[in-house]
Structures are given as C-alpha cells and as structure tokens.
Amino acid sequence: GGKSEGGECSDEEEDLPVSRLLSVHPSAAALQCALYLNSARCSLLSGAWAAALARAARVERIAAGVTGAQADQCAVYRRTALVLSARAALGASRFRLALRHASALLDAPCPHGETGAADARREVRGLVTEIERKRAALVRSNKRLARDVSAWVEEAMHAGEASGAARGLHTTQPMMSD
C-alpha cells in the first residue's frame with residue numbers, strides 16, 4: 001500500500017489482486033520467472049510453504065513453454081523453481097512431494113551440458129539426503145512424543161487409582177447402587 005501522512009502504510013490497495021501487482025507482458029517470460037522466483041524465495045524464507053509452492057509452480061509452467069532466445073535462461077529458472085518447491089514441501093513436512101520435486105529436477109533439461117548435469121545430480125543427492133534426514137528426525141520425534149504421552153497417561157491412571165484407594169474405594173470391585 002501507499003504511505004499515509006504519518007508514514008504508515010494505508011489500506012488503499014489492500015483489495016488489489018496480486019496478479020495485477022506481478023503483471024509482466026507474456027513476451028518477457030524470463031522476467032516473469034525471475035519475479036515469481038523472487039516471490040517464491042520470500043515466501044520460503046517467511047515459512048509460507050503453500051505460497052512458495054504455488055509461486056514456484058507458476059515459474060515451472062511459464063518456463064516449460066519458453067522457446068527461442070529466452071529458453072536457456074528459463075530452463076535455469078525452472079530448475080531453481082524445482083529446488084525451491086522441494087525445499088518448501090520439505091518445510092511443510094510433505095516428504096513425498098519434496099522427493100517428487102527433487103526427482104523432477106533430475107529430469108529437467110540442464111542448459112550447461114554434462115558439467116551442469118553432474119552438478120544437478122550432486123544437488124539432487126544433497127536434497128534427497130536432507131529430505132530423508134528430516135523425515136527420519138520427524139519419525140524419531142513422533143515416537144518420542146508417543147512414549148512420553150503413554151508414560152504420562154500411565155502415571156495419571158496410577159495416581160487416580162492411588163487416590164481412589166486412599167479414599168477407601170476399591171477399583172477392582174463394582175460399585176453397588178441403591
């Protein structure tokens with residue numbers, strides 16, 4: 001929004017659609033990709049995983065259809081979008097989706113020949129390793145949490161039984177009603 005007299009942002013553009021803010025002529029596909037990648041990076045850094053995934057997906061779609069002079073640059077942008085998508089999915093703990101984006105990176109055209117392909121394979125291996133490490137850490141954390149909750153429930157049940165026994169209630173015999 002614009003600045004008000006007091007230097008604070010006003011709400012005059014609050015209802016403005018984001019598509020109008022990022023509108024770039026379709027003939028400038030590389031510029032569109034660069035802008036959406038920047039937006040995806042910002043979303044990734046702020047932890048807005050869904051927004052980062054959506055913006056990176058838009059770069060993938062735009063870049064996939066580019067031919068001619070901008071094709072090589074857009075291929076690089078597409079690869080970057082796949083990396084950002086994998087990282088956003090990883091941040092959201094969507095491990096299968098992160099692996100799908102990482103494997104799509106292997107299939108994406110590499111504009112820098114064999115050297116670029118070797119670098120891409122190394123990058124994918126690093127991403128897959130990071131995804132698997134975070135998945136394993138989450139599984140360990142979930143198991144630890146389940147053990148802690150189980151111990152807490154058991155302790156609470158024993159405390160309840162002890163408190164009932166102290167008041168003369170027998171938990172093993174059914175209570176009689178009048």
Side-chain angles (χ1 to χ4, degrees), residues 1-139 141:
K3 296 275 186 178
S4 66
E5 291 177 353
E8 297 174 12
C9 289
S10 70
D11 294 334
E12 68 186 44
E13 295 183 21
E14 187 173 291
D15 298 326
L16 188 66
V18 172
S19 60
R20 282 195 50 210
L21 295 174
L22 298 176
S23 182
V24 176
H25 195 275
S27 66
L31 180 57
Q32 280 184 338
C33 289
L35 291 172
Y36 279 115
L37 275 177
N38 188 41
S39 183
R41 280 186 189 101
C42 291
S43 297
L44 187 66
L45 290 172
S46 68
W49 313 125
L53 280 166
R55 290 168 180 149
R58 180 164 276 185
V59 172
E60 289 177 60
R61 286 192 301 275
I62 293 169
V66 175
T67 58
Q70 297 182 8
D72 282 349
Q73 184 60 50
C74 285
V76 171
Y77 287 152
R78 181 169 183 254
R79 296 183 64 76
T80 303
L82 288 167
V83 171
L84 291 176
S85 293
R87 294 203 178 282
L90 181 59
S93 297
R94 296 179 63 189
F95 302 111
R96 276 188 245 150
L97 181 60
L99 286 171
R100 262 186 280 160
H101 285 295
S103 74
L105 188 56
L106 281 176
D107 299 333
C110 196
H112 302 297
E114 276 307 306
T115 305
D119 290 342
R121 284 190 297 274
R122 196 170 21 264
E123 183 174 30
V124 169
R125 276 194 303 273
L127 260 173
V128 168
T129 300
E130 184 178 349
I131 292 165
E132 290 300 322
R133 185 179 37 224
K134 288 196 177 186
R135 186 191 61 76
L138 182 66
V139 167
S141 173

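Worth saying up front: this structure is predicted, and the values here are computed from it rather than measured.
A heavy-atom distance below 4.5 Å is found between the side chains of R58 and I62. Side-chain contact check for T80 versus R41: some heavy-atom pair is nearer than 4.5 Å.
Listed by chain and residue number, R87, L90, R133, K134 satisfy the side-chain contact (heavy atoms from CB on, under 4.5 Å) test with E130 (two or more places apart in sequence, or in another chain). Applying the side-chain contact (heavy atoms from CB on, under 4.5 Å) test to R94 and every residue at least two apart in sequence or in another chain returns L53, A89, A92, L97. L99 pairs by the side-chain contact (heavy atoms from CB on, under 4.5 Å) definition with V128, I131, E132, not counting sequence neighbours. With sequence neighbours left out, R61 forms a salt bridge (charged side-chain N to carboxylate O under 4.0 Å, His left out) with no residue at all. Remark: S43 pairs with R55 by the side chain to side chain donor-acceptor pair (under 3.5 Å) rule, at least two apart or across chains. S93 meets the side-chain contact (heavy atoms from CB on, under 4.5 Å) test with F95, L138; sequence neighbours excluded.
Not one N or O on the side chain of S39 forms a donor-acceptor pair closer than 3.5 Å with the backbone of L35. A donor-acceptor contact shorter than 3.5 Å links the side chain of Q70 to the backbone of A29.
Here the straight-line distance linking atom CD of E60 with atom CG of L82 works out to 4.0 Å at 0.5 Å rounding. Going from atom OH of Y77 over to atom CD of Q32 covers 12.0 Å, rounded to the nearest 0.5 Å. Separating the CZ atom in R100 from the OG atom in S85 is a distance of 11.5 Å, to the nearest 0.5 Å.
In this structure, C33 and V59 approach most closely via the heavy-atom pair O-CG2, 3.6 Å. The two residues C74 and A63 come nearest to each other via the heavy atoms O-CB, 3.2 Å.
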